[in-house]
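Here is the structure we will look at, set down as structure tokens.
Every chain is numbered from 1 and lettered A, B, ... according to where its sequence line falls, protein lines coming before strand lines.
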There are 2 protein chains.
Amino acid sequence: MGLYPVKNTRLYEVVVNRIEDMIKTEKLKPGDKLPSERDMMELYNVSRSVIREAFRVLESKGVVKSRPGGGRYLATTTDHPMEMVSLYNIEYGTISDFIEARELIEADVARLACIRAERKDINRLKSIVNDLIYRDNLKLKEYREKDKDLEFHIALAEATHNFMLKEIMTIQIQFAKNLNIKNYINEKEWLGLCEDHMDILRAVEDKNIDKAQALIKKHIESLKSIILSEDISSRN
Amino acid sequence: MGLYPVKNTRLYEVVVNRIEDMIKTEKLKPGDKLPSERDMMELYNVSRSVIREAFRVLESKGVVKSRPGGGRYLATTTDHPMEMVSLYNIEYGTISDFIEARELIEADVARLACIRAERKDINRLKSIVNDLIYRDNLKLKEYREKDKDLEFHIALAEATHNFMLKEIMTIQIQFAKNLNIKNYINEKEWLGLCEDHMDILRAVEDKNIDKAQALIKKHIESLKSIILSEDISSRN
DNA sequence: TGTTATAAGTGGGTAGTCCAGTTAAAAGGA
DNA sequence: TCCTTTTAACTGGACTACCCACTTATAACA
């Protein structure tokens with residue numbers, strides 16, 4: 001018997017996801033009044049307590065504000081930037097801010113990774129890169145769906161042996177996933193970005209700081225120009 | 001009547017705080033089994049649903065794992081680094097990692113702030129600095145208690161007009177608060193750090209990038225040496 | 001028309017129940 | 001005595017029904 005059969009999804013999680021989806025698809029907008037608990041329990045066919053649990057976690061994230069007697073309202077973007085912005089699709093500047101931040105931080109990460117990466121870090125990076133490079137089309141499609149390429153960046157941050165940097169990177173990557181940035185990238189471009197990882201890895205392995213930084217910078221520049229220069233509607 | 005009387009603390013929040021406090025004070029350690037819902041409702045004198053709501057938010061934060069039929073367990077540090085590490089007091093390297101990350105990021109923040117800060121950003125920074133500089137002892141003590149000095153750094157990040165950088169800074173500052181870093185700093189040292197802010201502000205106002213970066217770096221170096229060099233037990 | 005009662009609605013919280021899975025203790029067999 | 005099996009207690013997941021204080025919109029009144 002498995003020691004970790006913990007994967008049972010709870011009902012409240014389903015409700016949370018549904019609500020967050022409605023925010024993502026802009027069926028709910030900042031400041032909007034949400035349906036009452038009583039209405040929601042009918043809508044989702046769950047008990048009131050499940051609805052309340054769902055709202056507790058949204059509340060603690062700062063996504064929703066509850067006014068006793070007065071209903072619940074979707075927070076505004078200024079109430080809690082991170083959680084909110086990541087739910088709303090692409091406002092002006094959002095992505096360019098994201099990329100700018102990554103450019104700055106990842107350069108530092110690359111430098112520290114060159115200095116501090118150990119054998120096991122390098123091996124982990126290698127296995128991630130190989131997973132993506134030598135794969136048939138079917139697997140590749142699956143990996144792309146799962147944003148498996150982004151793991152490289154987290155592993156790189158891990159190689160700095162600084163938990164804070166890893167945490168910051170994780171947050172950024174999570175943000176990229178929520179934003180569905182891959183929708184802006186076609187298959188060929190995506191493969192190109194994956195191949196960049198190999199070069200970066202080599203530079204880190206050689207402890208060539210300048211090269212690693214240059215490559216990371218180029219990598220993110222590519223990402224930037226792919227996302228920002230092209231017309232979204234003409235893709236995918 | 002106020003439009004925002006939202007400050008009613010909810011019971012579940014109290015429970016969440018109590019549990020997090022127990023983690024901070026190491027009455028609860030990673031992997032520990034928590035009391036059952038039934039026991040907890042007696043302990044805190046609230047209904048079972050309040051306990052469950054509290055656990056839902058801890059669960060969604062990754063601090064607690066629930067096993068239906070098997071009880072609840074405190075997560076380990078690896079399960080969700082940020083949330084966990086910030087609850088446990090000072091492990092080896094935690095603080096130095098934190099400071100290293102801040103050093104890197106804040107240098108970039110200072111640079112961008114110099115370039116992009118507008119009048120209103122400068123004014124906000126000024127009001128924060130003034131609040132701390134020209135104050136009687138009583139007020140100062142209160143401000144220190146509330147970590148009011150740290151607002152400067154968030155406002156500085158805000159001056160970059162990059163929401164992601166502000167978010168990252170906010171996370172770091174929140175982390176510093178949770179860690180109670182001020183306990184390692186005596187009053188004189190704290191005042192010194194506050195005064196640094198004034199100089200940094202001036203450099204930003206003058207758009208003197210090199211100076212701003214140098215000052216921020218010095219500021220964080222001071223912080224570092226205060227915290228890491230001294231014997232904790234001999235202070236405060 | 002403008003104010004004031006009034007009723008409906010809302011989130012906050014409690015209590016009690018049922019269920020399926022886990023866990024540990026008691027019973028049984030070797 | 002030791003190991004297996006059965007049983008009973010416990011645990012989290014979920015539901016239902018109820019009460020409260022506060023908000024809000026409606027209706028009654030001046």
Give the rounded distance in Å between these two atoms: CD of E37(A) and C1' of dC18(D). 14 Å
Atom pair distance, as rounded to whole Å: OH in Y12(B) and C1' in dG12(C): 12 Å
To the nearest Å, how far apart are L58(A) CG and dG11(C) P? 14 Å
Proximity to the side chain of S47(A) - top-ranked nucleotide from dG11(C), dA14(D), dG13(D): dA14(D)
Does atom CD of E142(B) have more than 12 heavy-atom neighbours from other groups under 6.0 Å away? yes
Rounded to the nearest 0.5 Å, what separation is found between the CG atom of D32(A) and the CG atom of L74(A)? 6.5 Å
Does a side-chain N or O of R72(A) approach OP1 or OP2 of dG12(C) to a distance below 4.0 Å, or not? yes
Let me test you: for the helix from dT1(C)-dA30(D) to dA30(C)-dT1(D), what is the angle between the axes at its two ends (five pairs each), rounded to 10 degrees? 10°
Assess whether atom NZ of K224(A) is packed by more than 12 heavy atoms of other residues, nucleotides or ligands within 6.0 Å. no
Rounded to whole Å, how long is the line connecting atom CE of M40(B) with atom C1' of dT14(C)? 19 Å
Parallel, tilted or perpendicular: which fits the ring planes of H153(B) and H197(B), with parallel below 30° and perpendicular above 60°? perpendicular
Which of dG12(D), dA14(D), dG13(C) is nearest the side chain of R10(B)? It is dG13(C)
Should the heavy atoms of other residues, nucleotides or ligands under 6.0 Å from CZ of R116(B) be counted, would the total exceed 12? yes
How close or far is atom P of dC19(D) from atom CZ of R38(A), stated in whole angstroms? 13 Å
Do we see a donor-acceptor contact under 3.5 Å between the side chains of E53(A) and Y12(B)? no
For G71(A) against K33(A), the heavy-atom pair lying closest together: CA-CE, 4.3 Å
Rounded to whole Å, please give me the gap between CE in M41(A) and C1' in dG9(C). 15 Å
Atom-to-atom span, CZ of R67(B) to C1' of dA24(C) - whole angstrom: 15 Å
Out of dA14(D), dG12(D), dG11(C), whichever nucleotide has its closest atom nearest the side chain of R52(A): dG11(C)
Atom pair distance, as rounded to whole Å: CZ in R48(B) and P in dT16(D): 15 Å
Considering the options R56(B), M40(B), E42(B), which one meets the side-chain contact (heavy atoms from CB on, under 4.5 Å) requirement together with I51(B)? M40(B)
For nucleotides 7-10 of chain D, tabulate all protein N/O to nucleotide N/O atom pairs closer than 3.5 Å, reporting atom names and distance.
none

With a 4.0 Å cutoff (strictly under), does any side-chain N or O of R56(A) reach OP1 or OP2 of dG12(C)? yes
For K33(A) and N45(B), take the nucleotide of DNA chain C holding the closest heavy atom to each; which residue's nucleotide lies nearer the 5' end? K33(A)
State whether F55(A) and R72(A) meet the cation-pi test: NZ (Lys) or CZ (Arg) under 6.0 Å from the six-membered ring centroid, and within 45° of the perpendicular axis. yes
Sorted by position of nearest nucleotide on DNA chain D, 5' first, the leading residue of D39(B) and S49(A) is D39(B)
D121(A) side chain to H161(A) side chain, donor-acceptor N/O pair below 3.5 angstrom: yes
